[in-house]
Amino acid sequence: MSALFEKTRFDVEQEIMELHSFATIIQNYADMLYDGNWKQTEDDVHTTLTGFANLLISHSEKMMDTHCRHYELNQYASNRNNWERV
């Protein structure tokens with residue numbers, strides 16, 4: 001069964017651009033800590049950074065899935081494409 005909406009190169013581009021927004025959020029967090037406007041314990045900072053890492057990992061996995069869907073790779077490869085490569 002095919003997806004309701006096929007993935008396009010614009011979906012890939014959108015997900016890449018979302019990383020820039022996330023980078024801005026991380027930069028704001030760093031600035032607030034550096035400027036001393038926001039006090040956090042070392043444990044709070046570690047927990048926050050671990051959360052950011054988990055978000056980036058999940059986003060990169062979503063990006064890879066979109067990439068594979070768009071280019072019909074791995075589990076999204078059709079039998080037609082497999083025979084053409086032989």
Please tell me whether L56 and M64 are part of a single hydrophobic cluster in this structure, the criterion being side-chain heavy atoms less than 4.5 Å apart.
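Different clusters.
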
Decide whether L73 and M63 are clustered together by the hydrophobic rule: side chain heavy atoms of Ile, Leu, Val, Met, Phe, Trp, Tyr closer than 4.5 Å, transitively.
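No.
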
With sequence neighbours excluded, residues passing side-chain contact (heavy atoms from CB on, under 4.5 Å) with [X]:
{"X": "T47", "answer": "D43"}
{"X": "F10", "answer": "T8, E13"}
{"X": "T50", "answer": "H46, N54"}
{"X": "V12", "answer": "I16, T66"}

Roughly how far, to the nearest 0.5 Å, is the NZ atom of K7 from the OH atom of Y71?
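One gets 14.0 Å once the value is rounded to the nearest 0.5 Å.
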
Pairwise distance NE2(H67) to CD(E72) - rounded to 0.5 angstrom:
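H67 NE2 to E72 CD: 12.0 Å, rounded to 0.5 Å.
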
Using every non-hydrogen atom in the two residues, find where Y76 and D65 come nearest and quote the distance to one decimal.
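Here Y76 and D65 meet closest at OH-OD1, 2.5 Å.
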
Which residues share a side chain to side chain donor-acceptor pair (under 3.5 Å) with [X], sequence neighbours left out:
{"X": "D31", "answer": "Q27"}
{"X": "E61", "answer": "none"}
{"X": "D44", "answer": "T41"}

Would you say Q75 has more than 12 foreign heavy atoms packed within less than 6.0 Å of its CD?
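Correct, the count exceeds 12.
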
Please table the atom pairs, donor to acceptor, closer than 3.5 Å between any side-chain atom in residues 18-25 and protein atoms at least two apart or in another chain.
from: T24; atom 1: OG1; to: H20; atom 2: O; distance (Å): 3.1

Evaluate the side-chain proximity of H70 to D11: yes if any heavy-atom separation is below 4.5 Å, no if none is.
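Side-chain contact under 4.5 Å: no.
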
